[in-house]
Student: 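Handing you this structure, nothing more for now.
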Amino acid sequence: MHYLVAAGICLAYAGLLAASSPAFASDDALRNKLARKDCVRGTFKDYYLQGNGGDPVSDYKGRVFKLSQDYPVQLPPKETYPWEKIAFKNGGPVDSEAYLQALLQYGLEGNIDVDFYVQDNKLRKWYGMPWMDWNTEVATDWPGTDGREFVHGLTHEFDSAGNTFGEAQAEFVDTWAQAYVNDRYAFSVGQVYCDPDDPKPAALNPDPTALNAMPDGSYVIKLLFSTVNETELPTVKGAFEWDADIYANKSPPFRNAGPFSRFERKLGKVRLIQIDLQVRDNRSTTGWLLGTFGYDGNAKGDTPWKRMVPLGIQWGNNPTVTFAETCSSPNGPCDYDKLTEQWINRQAVKDLATPPLSFNHLGFGGRLAGPVDNPKSSCMGCHQTAGFPSVPILAEFSPNAGVLKLDAQRHPEAAQTLRMMYFGNVPGGAVFSDSQLYSADYSLQLSMGLQNFVSLRCAKDASPPRPSLCEQLSAWTQAQKQGIGAVSIFGAPGPDGAPLKQP
Ligand code: HEC
C-alpha cells in the first residue's frame, strides 16, 4: 500500500516487548506547565495547490474544505470517555466489541450533522493534521500530488489494482481518506507546530524527561472512501457518498509516467468503505488501540453509518507469534487464537471475504489490517514505526529488500527475524528504529506531514528562514552515510597502517 521509502537502513528497535504504564506518565499538570503558549495559528494551507491552480472552478457551488487548525495551547481536561467504562485485562479490553462501538460513537457524535466540517461540531472541537495538503504518499507518485482535495480535504492513498475487492472489479480503484483528531490529540500536534515554520517533533510531549507520547484520551477517527462502485463491489450498495476532487485518470502507472497534466483532477463520487479508529488508552499494552469498521450494504441498519460492521481491534502485535505458528501454509488457513492482543469479528471475516468478494481485512499471520491495507502488514505494525525521519513501514519497503530474501513463502525461517521487528510492541512515544530521531507516537500522519514539510522547506531553493529540522536532517543524513561508508573501509589499513579516513 503506502510505499514509504526512506533511508531507514539499520533497524534495531529496542525490543521492549511489554511496555509498563509508568513510562507513559506525564500528567496533565506537568504537560501544561511545560507547554509553549506563544503559538502561531492559522497559517497552514487547506488543500493541494491552494491559490496556485488547485482551487475550485468559479461555478463550484459546494462547500470548500478548511483545515481546523486552532490547536489548543492548554491541554483540555479529559472527559469521561465512554470507552473508559470498559474494563481491561492483560492490556486489552474485556469486551472488545463494546469498546470499538464506544470509540465509533464518540467519533461520529456531532460530526455527521456537520458533514465532517469538524470545526462546526457543536458538542466538542475537532482538528486536522497540518501539511497533508502537499502530500507524497507513494514514492513513485509525482511529489505533492496525493495532497488534500478541496471538498473535504481527502488525501489520495492506496490504489487497488483490479480484483482486489472481488472478481467484478476489473480496473484500478483508489482510496481517498481524511482523519480528524480530538482536542487532547490536537494539543500535542499544536505543540509540535507551535512555530509553524519551525516544527519540533520532540514537543509531542512537552515534558522532555518522559517518552515523546501523547496524553491519555488522545483520539483519531479516519474515514476511508473508495471510488469503487456497486457493480465492482456489490456490498458497497447504499454506502455513504461524498463528492471529491479526484484524479481524472484512474490508472497509477499511466499517471506516474507523467507529464504532470496526467494528475488532473475533477469532481467525482467516493464511497465510505472503512472507518479506522485510534485511541491512546494508558491501560493498553502499547499505550494505543487501533480498530476498524468495514461497510456492508447487506448489514442491518437504516443509515449507512449503522451498516458499518466492526471488523476488529488491536492493542498489541503479539511480537513472538510467528507466521508459521498461526498459518498452516502461505495462503492459510490461519488460526488466530494465538494472537491474544487483538479481537477479530470472525463472522465479518466470513461475510466480507467469501468469493466473489475479497474484502479481506486480515494482515500478517492473521493480525488485523484494513481491507485497503497491505496484507503483509498490521494496523499496529505499520503505526509503531511512526517517527521522524520516516522509515519503511514494512520489511518489504526497505531499500535493500531485494537482497534480504524476505519472501516468506520460500524463506520462512530466514525472513522471520527481521520481519518480526515490524510486528513488535513499541511503547507509544519510543522510537522504532535507531535511524529515527524522534518518535511520532503511532501517528503516521504526523510523520508524513513532517516529511512533507522538510521536502519543501529544506529544499535548496526554499525561501528563508531555514527550519531547524533541516540541519538535523543533514546531520542525520551525514551520520547514516558515514555509518554505511565505515562498513566498506573498516579494518583496511591506510598510510603507515593508520585507520583509513572516511571520505
Ligand atoms: C501498510 C501500513 C498501514 C496499515 C496496515 C495501517 N495503516 Fe493506518 N496509516 C498508515 C499511514 C501511512 C497513515 C498516514 C497517511 C494517511 O492517513 O493518509 C495512516 C493513518 C492512519 C490514521 C490517521 C492517524 C495517524 O496515525 O496517522 C488512523 C486513525 C489509522 N491509520 C488507523 C489504522 C487502523 C485502525 C489500521 C488497521 C485496520 C491501520 N491504520 C492500518 C499506514 C497503515
Side-chain angles (χ1 to χ4, degrees), residues 1-2 83 86 88 90-104 107 157-158 164-165 175 177 179 219-224 273-281 284-296 308-323 325-327 332-353 358-386 393-395 419-420 422-426 428 442-444:
M1 69 153 310
H2 311 284
W83 58 86
I86 293 152
F88 269 50
N90 301 329
V94 173
D95 184 345
S96 294
E97 190 167 356
Y99 191 92
L100 249 181
Q101 290 290 0
L103 290 182
L104 181 66
E157 298 203 354
F158 189 41
T164 309
F165 289 141
T175 312
Y219 171 104
V220 202
I221 178 167
K222 179 173 175 187
L223 305 183
L224 293 98
I273 56 162
Q274 185 179 331
I275 300 181
D276 284 352
L277 306 162
Q278 187 173 344
V279 70
R280 175 102 207 166
D281 187 326
S284 148
T285 302
T286 51
W288 286 96
L289 293 103
L290 275 80
T292 191
F293 284 75
Y295 181 72
D296 182 355
M308 298 298 310
V309 178
L311 296 178
I313 186 164
Q314 270 197 307
W315 49 94
N317 266 311
N318 283 101
T320 59
V321 180
T322 61
F323 190 88
E325 279 176 77
T326 48
C327 304
C334 301
D335 168 14
Y336 28 76
D337 279 346
K338 290 195 176 121
L339 298 168
T340 52
E341 295 173 351
Q342 67 174 17
W343 170 79
I344 301 279
N345 181 350
R346 289 167 190 241
Q347 189 58 45
V349 175
K350 249 171 118 178
D351 293 350
L352 290 169
S358 47
F359 200 59
N360 200 341
H361 62 278
L362 292 184
F364 183 70
R367 287 171 179 79
L368 181 67
V372 291
D373 286 317
N374 192 311
K376 293 191 172 117
S377 62
S378 80
C379 305
M380 299 214 76
C382 282
H383 280 266
Q384 60 159 2
T385 67
I393 50 181
L394 266 186
R419 194 184 294 277
M420 288 311 288
Y422 286 83
F423 301 97
N425 280 350
V426 173
Y442 282 74
S443 174
L444 282 166

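Note that this is a predicted model, so its numbers are computed, not measured.
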Student: Evaluate the ring planes of Trp288 and Tyr442, with Trp represented by its six-membered ring, and classify them as parallel (under 30°), tilted (30 to 60°) or perpendicular (over 60°).
Tutor: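 Tilted, since the angle between the ring planes falls between 30° and 60°.
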Student: I want to check something: taking the side chain as every heavy atom from C-beta on, are Phe158 and Leu224 in contact at a cut-off of under 4.5 Å?
Tutor: no
Student: Just by modelled atom types, is the Leu368 backbone N or O under 3.5 Å from a matching donor or acceptor in the Gln342 side chain?
Tutor: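 Yes; at least one donor-acceptor contact below 3.5 Å.
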Student: Could you check if a side-chain atom of Trp83 sits within less than 4.5 angstrom of a side-chain atom of Leu289, using non-hydrogen atoms only?
Tutor: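 Of all side-chain heavy-atom pairs linking Leu289 with Trp83, none is under 4.5 Å.
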Student: Report yes if the side chains of Thr286 and Met380 come closer than 4.5 Å at any heavy-atom pair, otherwise no.
Tutor: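 Thr286 reaches Met380 side chain to side chain.
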Student: With distance as the sole test, does Asn425 use its side chain to make a donor-acceptor pair with the main-chain N or O of Asn317 at under 3.5 Å?
Tutor: yes
Student: Measure the spacing between CD1 of Ile344 and CG of Leu339 and express it to the nearest 0.5 Å.
Tutor: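 The CD1 atom of Ile344 sits 8.0 Å away from the CG atom of Leu339.
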Student: Ignoring hydrogens, what is the shortest heavy-atom contact between Ala179 and Val220? Give both atom names and the distance.
Tutor: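 It is CB-CG1, 3.8 Å.
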Student: Taking side chain as C-beta onward, heavy atoms only, is Thr385 less than 4.5 Å from Leu444?
Tutor: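 When only atoms from C-beta onward are counted, Leu444 and Thr385 do touch, with a gap below 4.5 Å.
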Student: Is the distance between the ring centroids of Tyr99 and Phe88 less than 6.0 Å?
Tutor: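 Yes, ring centres under 6.0 Å apart.
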Student: Please check this pair: side chain of Asp95 against backbone of Ala98, looking for a donor-acceptor N/O pair closer than 3.5 Å.
Tutor: yes
Student: Do the side chain of Thr175 and the main chain of Glu157 share a donor and acceptor less than 3.5 angstrom apart?
Tutor: no
Student: Can you name the nearest heavy-atom pair linking Ala177 to Lys222, along with the distance?
Tutor: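 Of all heavy-atom pairs spanning Ala177 and Lys222, the closest is CB-CE, 3.7 Å.
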Student: Look up atom CG in Asn90 and atom OG in Ser284, then write down how far apart they are to the nearest 0.5 Å.
Tutor: 12.0 Å
Student: Side chains of Leu104 and Ile275: does their closest heavy-atom pair fall under 4.5 Å?
Tutor: yes
Student: With heavy-atom distances below 4.5 Å as the criterion, would you say the side chains of Tyr336 and Val349 are in contact?
Tutor: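 A side-chain contact exists here, since the closest heavy-atom pair is under 4.5 Å.
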Student: Check whether any side-chain heavy atom of Thr292 lies under 4.5 Å from a side-chain heavy atom of Gln274, and answer yes or no.
Tutor: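 Yes; the side chains approach each other to less than 4.5 Å.
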Student: Counting only N and O atoms by type, is there a donor-acceptor contact under 3.5 Å from the side chain of Glu341 to the main-chain atoms of Gln314?
Tutor: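 No, Glu341 side chain to Gln314 backbone: no donor-acceptor pair under 3.5 Å.
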Student: Which pair of non-hydrogen atoms, one from Cys327 and one from Gly365, has the smallest distance, and what is that distance?
Tutor: SG-CA, 3.7 Å
Student: Do Gln278 side-chain atoms and Leu290 backbone N/O form a donor-acceptor pair below 3.5 Å?
Tutor: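 A pair under 3.5 Å: no.
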Student: Return the minimal non-hydrogen interatomic distance between Ser378 and Arg367, and the atom names on each side.
Tutor: CB-CB, 3.6 Å
Student: Does Leu103 offer a backbone N or O that forms a donor-acceptor pair with the side chain of Tyr219 under 3.5 Å?
Tutor: yes
Student: Measuring from Thr285:OG1 to Trp315:CH2, what's the distance to the nearest 0.5 Å?
Tutor: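 The OG1 atom of Thr285 sits 8.0 Å away from the CH2 atom of Trp315.
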Student: I'd like to know whether Phe293 forms a side-chain contact (heavy atoms from CB on, under 4.5 Å) with Leu277, so could you lay out the CA-CA distance, the side-chain angles of the two residues, the decisive distance to 0.1 Å, and finally the verdict.
Tutor: CA-CA 8 Å; Phe293 284 75; Leu277 306 162; 3.7 Å; yes
Student: Got a salt bridge between Lys350 and Asp296, using NZ or NE/NH1/NH2 to carboxylate O under 4.0 Å?
Tutor: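 Here Lys350 does not pair with Asp296 in a salt bridge, since their nearest N and O are not under 4.0 Å apart.
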Student: Where do Leu100 and Gly291 come nearest, in terms of heavy atoms and distance?
Tutor: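 For Leu100 and Gly291, the tightest heavy-atom pair comes out as CD2-CA, 3.9 Å.
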Student: Measuring only between side-chain heavy atoms, which start at C-beta, is Trp343 closer than 4.5 Å to Pro93?
Tutor: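 No, their side chains stay 4.5 Å or more apart.
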Student: Compare every heavy atom of Cys379 with every heavy atom of Ala369, then report the nearest pair and how far apart it is.
Tutor: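 Smallest heavy-atom distance, with atoms named: CA-SG, 4.1 Å.
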Student: Hey, is the main chain of Lys376 close enough, under 3.5 Å, to the side chain of Arg419 for a donor-acceptor pair?
Tutor: no
Student: Distance check, rounded to the nearest 0.5 Å: Ile313 atom CD1 versus Glu97 atom CD?
Tutor: 11.0 Å
